[in-house]
Colleague: 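Sharing a structure here in C-alpha cells format.
The sequence lines fix the lettering, A, B, ..., with proteins before strands; numbering per chain opens at 1.
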Amino acid sequence: MAQVRVRFAPSPTGPLHIGGVRTALYNYLFAKKNDGLFILRIEDTDKARFVEGAEKYIMESLNWCGIIVDEGINEGGDYGPYRQIDRKEIYRQYADILVDSGDAYYAFDTPEQLESLRRKSENAGQTFIYNAATRESLDNSVSIQEAVWKEKLTRGEPYVIRYKMPHNEDIHFDDIIRGNIVVNTSTLDDKVLFKSDGMPTYHLANIVDDHLMKISHVIRGEEWLPSLPLHVMVYRSYGWDPPHFAHLPLLLKPDGKGKLSKRDGDKMGFPVFPLFWPYGETAKGYREEGYYPDAFVNMLALLGWNPGTEQEIFSIKELTEAFSIDRVGKSGSRFDPEKAKWFNHQYLQKRSNNQLALELREFLRAQGYHIDIVRLEVLISLVKERVSFVKDIWEQTDFFFKAPETYDQEVIKKRWKEDSLSLLLELRSLLEKMDDFEAVRTEPVVKKWIMDKGYNTGAIMNVFRLVIVGTLRGPRMFDIISWIGKEETLKRIDKGLSVIGKY
RNA sequence: GGUCCGUUUGUCUAGGGGUCAGGACGGUAGAUUCUCAGUCUACAGACGACGGUUCGAUUCCGUCACGGACUACCA
C-alpha cells in the first residue's frame, strides 16, 4: 500500500467541537496504525465566518489530546502552505482548468436572483435546482453567447464558477464505512466551486488540496456524505484517482433529537469542547473541568468505535495499535456525560497517591491552604476510590481543613439524645489522655471503651461525627481525627458541645 | 418536500440463519460500615413494525415507521 497520509481540515470558525476532536482522533489513530502521517490543514476560505483565536484553539486542543501533527503550519512539510488562504492562487488555476475543459462554467446570477427563484419554487411545492434542467434558462456562459459573457468578464461583472453536473447519470462510489452508494446526477446541482470574492468553496479547495497533498484517505464527518458524488465527479474531471473515503457517524444529543450542540452542554452541565473557550460567548472545556486528556481521548475513541473485545481502557498508544476503521459503527452515537465521568474515574484510580497529591496541592493553593505533600498523600488514600476528579477530593474532604460552621439539623433531630452530651464528654477525656494520638487510627481504644461500658456504637459515633464533620458523611472517624490531630479534635468537640449541647 | 444514510436493553455497544443474544455505563436490591461514598454480589432491561425467503430469522430480501445528515457564492 502506498504511503498513508490523512488530514484533519477544520475551519477556524470557533472552538473545536468534541465531534471534530473525534474526527481528528480517528484520522490520527488510522495514520499511526498504518505507519502514515497526520496532516493539519486550516480551511479558512470563508472570510465572513473567520474567528480570531480559533486556529490557535484547534492546535492547543490537538496538543492537549496528545494528537501529534506531522505536517502543518507549525510543523512544516513538503506540501504546504497548510493554510488555505495562503493557497489562493492555486485554486484559481485549477478552477480555470475545469472551465477550459468544459466541466465548469461562469455564472452571473446574483444571490438575490437565485434566492427569489428558490422562493418561487418553494411556494409551488418544489425545489429549485441549478443544474442541467435549469441552467439553459439562467445567466451563465452555457446559456448565453460567448461574446456576451466574455464581455461581462472584461467589464468586471461579478461571477462564480459552477461545476457542470452531467444529466441523468448514475454515479457509483465506495465509502469504507457504508459500502457502495449510487446517486443519480439529476438530483444533484451545479455547485459553486469558485466564489465571486476570489476564493474557492470547500468543494474545490478540498479536492485540489487533498490531491496536491497526496492524501490517501479522507476520514470526515457524515455531513459530507451528500457531497461525495460531487467530489467523485470533480476528481474524474481532473483525471485524478480519488482517495479512499470514510464518513464517520455523528455525535448525537444525550436526550431528544439531533446532533450534539453547545446548547446541550449548557443545559445539562457538561462541556461540548475540549478546552475552555475564552472569546465572546465563553464555553466550558473538558480540560478545565478536571478531565485527564487520556481519559477524554479514551472516551471519545470508544464513542462510535470498539475493538471487538471487552477491553474499554486504552492509552492513546494502545489505541493506535488496536484501531481499525472497519470497526467504526454506522449509526450516530448519543453522547453520555455519565460514561465520560466513569472514564475519568478509571484514570484517576490508576494515578499514584503522590501524583494526585501534587495535583491536589495546586488546587488547595488556590483555596489558600498550604499542606505538606505527605499529609496530602494520606488524605488521598482515604478518599481516592470515591472520587472521579481532583476537585472532588476537596468536596469530599473540606472538613479535614476547617471545622464545621453549621451542624446538620436533620441529624441533630434524629441522633442527638439526652445522653449525647455526657457521652461525648467521656469520649473527650478518653482522647485527651492518649499520648500517641495518631495511633487512634489503628488502635481500638475507643472501640474497647465502648465495649467495656456496654455503650451503643452508633449512638456515640454518629454524634461524634456530627461535631467533627458537621453532618453524616466522610471516611472512618478514626481516620479523620488521626489526620486533623488531637488539638483540633478536642476543639471541635468543645465547639460542637457548646453549640448543639443547648438543644 | 427531495436525495442519501441509519435502526440490538434508558445510553455506548458485541454478535450473527439454530446462542441462556455477551460486556460496559446508568438503575434497583442485598452484603460491608459509625455516616456518605466506594467495593462486592444479585436482579431488571434489547434485536422498530409488518410481510416474504427458509425446516428455522434479530441476522438475508421487501415495504412501512422512526431517527439523522444534506438540500448556501458555510464548512
Colleague: Quick one: does A/R178 reach the base of B/C5 with a side-chain donor-acceptor pair under 3.5 Å?
Modeller: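 Side chain to base: no pair below 3.5 Å.
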Colleague: Would you tabulate the pairs of protein nitrogen or oxygen atoms and nucleotide nitrogen or oxygen atoms of nucleotides 62-64 of chain B closer than 3.5 angstrom?
Modeller:
none

Colleague: Taking the ring of A/Y347 and the ring of A/Y292, is the distance between their centroids below 6.0 Å?
Modeller: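 So the answer is no for these two rings.
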Colleague: Kindly state which residues belonging to residues 192-208 of chain A come within less than 4.0 angstrom of RNA chain B, counting heavy atoms of the residue only, listed by number.
Modeller: A/V192, A/K195, A/S196, A/P200, A/T201, A/Y202
Colleague: Expressed in whole Å, how much space separates the C1' atoms belonging to B/G6 and B/G45?
Modeller: 24 Å
Colleague: Considering only nitrogen or oxygen atoms on both sides, find all protein atoms under 3.5 Å from nucleotides 65-67 of chain B and state each distance.
Modeller:
unit_1 : atom_1 : unit_2 : atom_2 : d
B/G67  : OP1    : A/K257 : NZ     : 2.7

Colleague: Please evaluate the base of B/G1 for a donor-acceptor partner in the side chain of A/T127 within a cut-off of under 3.5 Å?
Modeller: yes
Colleague: Taking the same atom, P, in B/A49 and in B/C66, what whole-Å distance lies between them?
Modeller: 15 Å
Colleague: How far does the P atom of B/C47 sit from the matching atom of B/U41, given to the nearest Å?
Modeller: 28 Å
Colleague: If the cut-off is 4.0 Å, is A/R476 near the phosphate of B/C34, judged by side-chain N/O to OP1 or OP2?
Modeller: no
Colleague: Whether A/K384 and A/E377 form a salt bridge (side-chain N of Lys/Arg under 4.0 Å from carboxylate O of Asp/Glu) is what I want to check.
Modeller: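 A/K384 and A/E377: not salt-bridged.
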Colleague: A/Y286 and ring-ring contact (aromatic ring centres under 6.0 Å, His included): which single residue from A/F270, A/Y291, A/F343, A/F273 fits?
Modeller: A/Y291
Colleague: Charged N to carboxylate O below 4.0 Å: is that the case for A/E89 and A/R87?
Modeller: no
Colleague: Might you list the N or O atoms of the protein lying below 3.5 Å from N or O atoms in nucleotides 38-45 of chain B, with each pair's distance?
Modeller:
unit_1 : atom_1 : unit_2 : atom_2 : d
B/G38  : O2'    : A/E385 : OE2    : 3.3

Colleague: Can you sort out the partners of A/P307 under side-chain contact (heavy atoms from CB on, under 4.5 Å), two or more places apart, ordered by chain and number?
Modeller: A/L302, A/W305, A/T309, A/F314
Colleague: Indicate whether OP1 or OP2 belonging to B/A14 is found under 4.0 Å from a side-chain N or O atom of A/T309.
Modeller: no
Colleague: Taking only the C1' atom of each, what is the distance from B/A44 to B/C50 in whole angstrom?
Modeller: 29 Å
Colleague: Given the side-chain rings of A/F245 and A/W224, with only the six-membered ring counted for Trp, is the space between their centroids under 6.0 Å?
Modeller: no
Colleague: Among residues at least two apart in sequence or on other chains, which ones pass side-chain hydrogen bond (donor to acceptor under 3.5 Å, both in side chains) with A/N456?
Modeller: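 Once residues adjacent in sequence are excluded, A/N456 has no partner under the side-chain hydrogen bond (donor to acceptor under 3.5 Å, both in side chains) criterion.
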Colleague: Donor-acceptor pair, distance only, cut-off 3.5 Å: does the side chain of A/Q113 make one with the backbone of A/T110?
Modeller: yes
Colleague: Using the P atom on both, measure B/U7 against B/A42 and round to a whole Å.
Modeller: 33 Å
